[in-house]
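Reviewing the structure listed below.
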Protein chains: 2
Amino acid sequence: MSAKLALSTVIYRMTEKGDATVSQISPRPGRGRPRLLPGKIAANPRDQILAAAAELFVSRGYAGTTTREIADGAGLRQASIYYHFGSKEEILAALLERSVQARVEQAGKIEAGMDSVAPDAALYALAVSDMSALVAMPYNIGMLYRLPDVIASPVYDRYGHLRGELVAGYGRVAERAAAERVPAGGEPGLGDLLVQMVEGVISLRREDRIGSTTVATIASACLRLCGIAEDAIEQARETALTALAQT
Amino acid sequence: MSAKLALSTVIYRMTEKGDATVSQISPRPGRGRPRLLPGKIAANPRDQILAAAAELFVSRGYAGTTTREIADGAGLRQASIYYHFGSKEEILAALLERSVQARVEQAGKIEAGMDSVAPDAALYALAVSDMSALVAMPYNIGMLYRLPDVIASPVYDRYGHLRGELVAGYGRVAERAAAERVPAGGEPGLGDLLVQMVEGVISLRREDRIGSTTVATIASACLRLCGIAEDAIEQARETALTALAQT
DNA sequence: GTCTATAACTCGATAGAC
DNA sequence: GTCTATCGAGTTATAGAC
């Protein structure tokens, strides 16, 4: 449990620049015209805008969200957004990049370290860490990739292929875990089916239905989908969690 | 295969009024001002508008679609839409109603006739017929229920609970098929997991990836998720398809 | 029943003061 | 760095001609 949280917390961070200097964290007053609206001045207005936009895009869609609403959420005026971002699409691009890249990198790490653990444990670990990342993302921005107006947007093209890599990674790990137990080469591959299952947490989260057993239940279902027996699932779970704790 | 298609074709029909009179099907010329745009006059302009709207909503989102675009797709002028619908939201409501109601009714029928077939065959039949319905829906409108701006819309409230009934139905059928094989009472229930799997065809369809084996592959995965062994899955499949053919 | 024209409004983005 | 003010384009919906 703590391993899970630690992992996802490390992987996903809302603040992009790791080299935040003191002046950025606490900007001295008097730099620029003071904000009109109440509340404390943000440590990083760019991140405030991103957070507000993420929440709104996910709950009302990209096209359904206005820059004025984003500005309200971030505590500044509509026009002030354009000091930090060149356009509304640029805000979307920043969010898109963050939301997949973390998942793909994480999946790559687990796949790379697959030799040292049993294949079924590796799959369990992959599912758990990926779902933890999805759950830990601010405002459920994993959902952005499901929005048609986002997919239709030109900025999607720059990040869409990353999702394909994620599916392929799931496929490779699952194929090894399934061994010969399930018929291979079905039209939606194992990778597709598993990613579909795992991303169910996005809908559950939107409905406020993430409980303490949610991630474990779905991860077990993933192994079951590979034809792995119940006792083996339980064992893989133990192995995976201790492996994750060491990361 | 033919059973599958026949079923879904019957269940889902784009034309709502079964009592279409002759004058509606072939409106005599001179009724109203002639259309400006080329192409034949529609048998039913209301359905043309719905079809155009469905395609656009699904591909660009509800908020991202303008009434002008809908009108273009339907072959008339923007303002003419308002003779058939009172508002843009009314168009959405008409589409929402059609897209779930068919699935729920169909699921109810299969659940009702569950006594006469083996539980695992019933689940297979449910999955296959539901996916066939999703695939047969014009313009993939099953996706409407995934769009945040649709969910946020006030008209969604009128039809959202229907989807809950669908999940519950899946849960009951699956629980009987799974018997004691899988741990019961997980937080996302079996119904949630299965609906999540089944609705994967929506994404696959958007990516033009529905092949001849797609539905069968996913239906088998559903039984696998209930801990059913490979040979039993194959047998359930045969039973289900013949049962569906008789419907 | 469909058209043209337009009212009333909101959108994203820019210019320039502070 | 954030503000006010505003522009031009595009939005839904209505009014009335045909």
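In this text the structure is predicted, and so the values were computed from the model without any measurement.
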### Query
With nearest nucleotides of DNA chain C determined for Thr66(A) and Ala79(A) from heavy-atom distances, which residue corresponds to the more 5′ nucleotide?
Thr66(A)
Give the rounded distance in Å between these two atoms: [atom1] of [X] and [atom2] of [N].
X	N	atom1	atom2	result
Glu69(A)	dA13(C)	CD	P	15 Å
Asp72(B)	dC3(C)	CG	P	11 Å
Arg60(B)	dT11(D)	CZ	C1'	15 Å
Ile70(B)	dA13(D)	CD1	C1'	13 Å
Ile49(B)	dA13(D)	CD1	P	13 Å
Gln78(A)	dT4(D)	CD	P	12 Å
Arg68(A)	dG12(C)	CZ	C1'	8 Å

### Query
Which residues satisfy the salt bridge (charged side-chain N to carboxylate O under 4.0 Å, His left out) test with Asp149(A), sequence neighbours excluded?
none
### Task
Please identify each residue that fulfils salt bridge (charged side-chain N to carboxylate O under 4.0 Å, His left out) with Glu187(B), with sequence neighbours left out.
none
#### Entry: Close approaches to DNA chain D from residues 80-91 of chain B, in residue order (heavy atom, under 4.0 Å)
Tyr82(B), Ser87(B), Lys88(B)
## Note on the structure
Residue set satisfying side chain to side chain donor-acceptor pair (under 3.5 Å) with Ser203(A), at least two apart, ordered chain then number -> Arg146(A)
### Query
Would you say dT4(C) has OP1 or OP2 under 4.0 Å from some side-chain N or O of Arg77(B)?
yes
### Query
Which one, dA13(D), dG12(C), dC3(C), comes nearest to the side chain of Leu76(B)?
dC3(C)
### ring-ring contact (aromatic ring centres under 6.0 Å, His included) pairs, two or more places apart, involving residues 69-109 of chain B
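Matches after skipping sequence neighbours: none remain.
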### Task
Measure centre to centre between the rings of Tyr159(B) and Tyr145(B), then say whether the value is under 6.0 Å.
no
Can you give each donor-acceptor pair under 3.5 Å made by side-chain atoms of residues 188-200 of chain B, sequence neighbours left out, with the distance rounded to 0.1 Å?
from	atom 1	to	atom 2	distance (Å)
Asp192(B)	OD1	Arg209(A)	NH1	3.3
Asp192(B)	OD1	Arg209(A)	NH2	3.1
Asp192(B)	OD2	Arg209(A)	NH2	2.7
Asp192(B)	OD2	Gly189(B)	N	3.3
Gln196(B)	NE2	Gln196(A)	O	2.8
Glu199(B)	OE1	Arg163(B)	NH2	2.5
Glu199(B)	OE2	Arg103(B)	NH1	3.0
Glu199(B)	OE2	Arg103(B)	NH2	3.3
Glu199(B)	OE2	Arg163(B)	NH2	2.9

